[in-house]
Q: 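Before I ask anything, here is the structure I am working with.
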Amino acid sequence: MSDYPELMHTALDATDVRGLAEFYRELLGAEYRPGDETPEDGEDWLVLVDEHGRRVLAFQRVPVLDRPTWPSHDVPKQMHLDFRVPTAGELERHRRRAEELGATLLYDRTDDKEEPLYVLADPAGHPFCLLVGAE
């Protein structure tokens, strides 16, 4: 037994849990946990897992969700996710994929030689970063 709690997953609020889960499932190549694969009326909680069955992200339905306005702080982002890719070429490929899946570009910092990145918003407005970085 560990002396510390272990992170299970990060949960994101969404008015459309299936839609947001699908976005991240496609973006990350994740799978639904057993039992979550088939859409159901009124579903309010879904979990994505990696290829080893480890939890990655969860999605919880909320009735209303104000879209973050980052970089303005009128409606704060409250949190964001960072996703690392190995090269600038992969960064461009994954940006295009994210946009094809419904993401919106918020900020382009690809001219930064040390850590090029894009900040995008998922379909529900949660900001996330795609960046070139090492482990």
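Fair warning: this is a prediction, and the values are worked out from it, not measured in the lab.
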Q: Looking only at atom types and distance, does a side-chain atom of His126 sit under 3.5 Å from a main-chain N or O of Pro68, one as donor and one as acceptor?
A: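 No, the answer is negative, given that no donor and acceptor are paired below the 3.5 Å cut-off.
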Q: Excluding sequence neighbours, so at least two apart, what forms ring-ring contact (aromatic ring centres under 6.0 Å, His included) with His80?
A: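 If we apply the ring-ring contact (aromatic ring centres under 6.0 Å, His included) test to His80, skipping adjacent residues, there are no hits.
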Q: For a quick test of reading the model, state the closest non-hydrogen atom pair linking Thr38 to Arg18 and the distance between them.
A: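 So the minimum-distance heavy-atom pair works out to O-NH2, 3.4 Å.
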Q: If you measure from CZ on Phe128 to CG on Leu12, what distance do you get to the nearest 0.5 Å?
A: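 Separation between the atoms: 11.0 Å.
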Q: Hey, does Leu105 have a side-chain heavy atom less than 4.5 Å from the side chain of Tyr107?
A: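 No, their side chains stay 4.5 Å or more apart.
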Q: With side-chain contact (heavy atoms from CB on, under 4.5 Å) as the test, would you mind laying out the steps for Tyr32 and Val49 before giving the verdict?
A: CA-CA 6 Å; Tyr32 289 104; Val49 297; over 6 Å; no
Q: Are the charged groups of Glu100 and Arg97 less than 4.0 angstrom apart, N to O?
A: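 Answer for the salt bridge query: no.
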Q: Go through the steps to decide whether Glu99 and Tyr118 satisfy the test side-chain hydrogen bond (donor to acceptor under 3.5 Å, both in side chains), and finish with yes or no.
A: CA-CA 11 Å; Glu99 289 176 325; Tyr118 288 115; over 6 Å; no
Q: A side-chain contact here means heavy atoms from C-beta on lying under 4.5 Å apart; do Leu28 and Val56 qualify?
A: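 Yes, side chains in contact.
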Q: Considering only heavy atoms from C-beta outward, does the side chain of Leu57 approach that of His9 to under 4.5 Å?
A: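 A side-chain contact is absent here, since even the closest heavy-atom pair is not under 4.5 Å.
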Q: Using a strict threshold of under 4.0 Å (side-chain N to carboxylate O), is an ion pair present between Glu115 and Arg109?
A: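 Answer for the salt bridge query: yes.
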Q: With a 4.5 Å cut-off on side-chain heavy atoms, are Phe83 and Tyr24 touching?
A: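 Result yes, sub-4.5 Å side-chain heavy-atom pair found.
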Q: To the nearest 0.5 Å, what is the distance between CD (Glu22) and CG (Leu46)?
A: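 Interatomic distance, Glu22 CD to Leu46 CG, rounded to 0.5 Å: 9.5 Å.
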Q: Measuring from Leu48:CG to Arg54:CZ, what's the distance to the nearest 0.5 Å?
A: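 With rounding to 0.5 Å, CG (Leu48) is 14.5 Å from CZ (Arg54).
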Q: Can you find a heavy atom in the side chain of Pro116 that is under 4.5 Å from one in the side chain of Leu91?
A: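 Contact flag for Pro116/Leu91 side chains = yes.
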Q: What's the shortest heavy-atom distance between Pro127 and Lys77, and which atoms?
A: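 Taking Pro127 first and Lys77 second, the nearest heavy atoms are CG-CB, 3.5 Å.
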Q: Within the structure provided, determine whether Thr104 and Leu120 are in side-chain contact (heavy-atom separation under 4.5 Å).
A: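 Heavy-atom side-chain distance check fails, nothing below 4.5 Å.
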Q: Between Thr110 and Leu117, is there a side-chain heavy-atom distance shorter than 4.5 Å?
A: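 Leu117 vs Thr110: side chains apart.
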Q: Using 0.5 Å steps for rounding, measure from the CD atom of Glu37 to the CZ atom of Arg25.
A: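 Interatomic distance, Glu37 CD to Arg25 CZ, rounded to 0.5 Å: 10.5 Å.
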Q: Does anything in residues 66-76 pair up under side chain to side chain donor-acceptor pair (under 3.5 Å), and if so which pairs, sequence neighbours excluded?
A: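 The answer is Ser72-Asp74.
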Q: So that I can tick it off, tell me whether Arg61 and Glu43 are bridged by a salt bridge, with the cut-off set at under 4.0 angstrom between side-chain N and carboxylate O.
A: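 No salt bridge links Glu43 with Arg61.
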Q: Do Leu65 and Leu106 sit in one hydrophobic cluster, given that two such residues count as connected whenever their side-chain heavy atoms are within less than 4.5 Å of each other, even indirectly?
A: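 Different clusters.
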Q: Tell me whether Met79 shares a hydrophobic cluster with Val75, the cluster being built from Ile, Leu, Val, Met, Phe, Trp, Tyr side chains joined at under 4.5 Å.
A: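 No, it is not one cluster - the side chains of Met79 and Val75 are not joined through contacts under 4.5 Å.
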Q: With side-chain contact (heavy atoms from CB on, under 4.5 Å) as the criterion, how do Asp50 and Arg55 come out once you've worked through the C-alpha distance, each side chain's angles and the decisive distance to 0.1 Å?
A: CA-CA 7 Å; Asp50 66 14; Arg55 290 171 177 242; over 6 Å; no
Q: What's the shortest heavy-atom distance between Ala98 and Phe23, and which atoms?
A: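 Answer, listing the atom of Ala98 first, then Phe23: O-CE1, 3.6 Å.
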Q: In sequence, state the C-alpha distance, the side-chain angles, and the governing distance for Val17 and Asp44, and then conclude on side-chain contact (heavy atoms from CB on, under 4.5 Å).
A: CA-CA 7 Å; Val17 293; Asp44 61 357; 5.8 Å; no
Q: Given Leu20 and Asp122, is the side-chain contact (heavy atoms from CB on, under 4.5 Å) satisfied, shown in steps?
A: CA-CA 8 Å; Leu20 193 58; Asp122 68 25; 3.5 Å; yes
Q: Output the distance between atom CG (Leu130) and atom CG (Asp82), rounded to the nearest 0.5 Å.
A: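 One finds 9.5 Å between CG of Leu130 and CG of Asp82.
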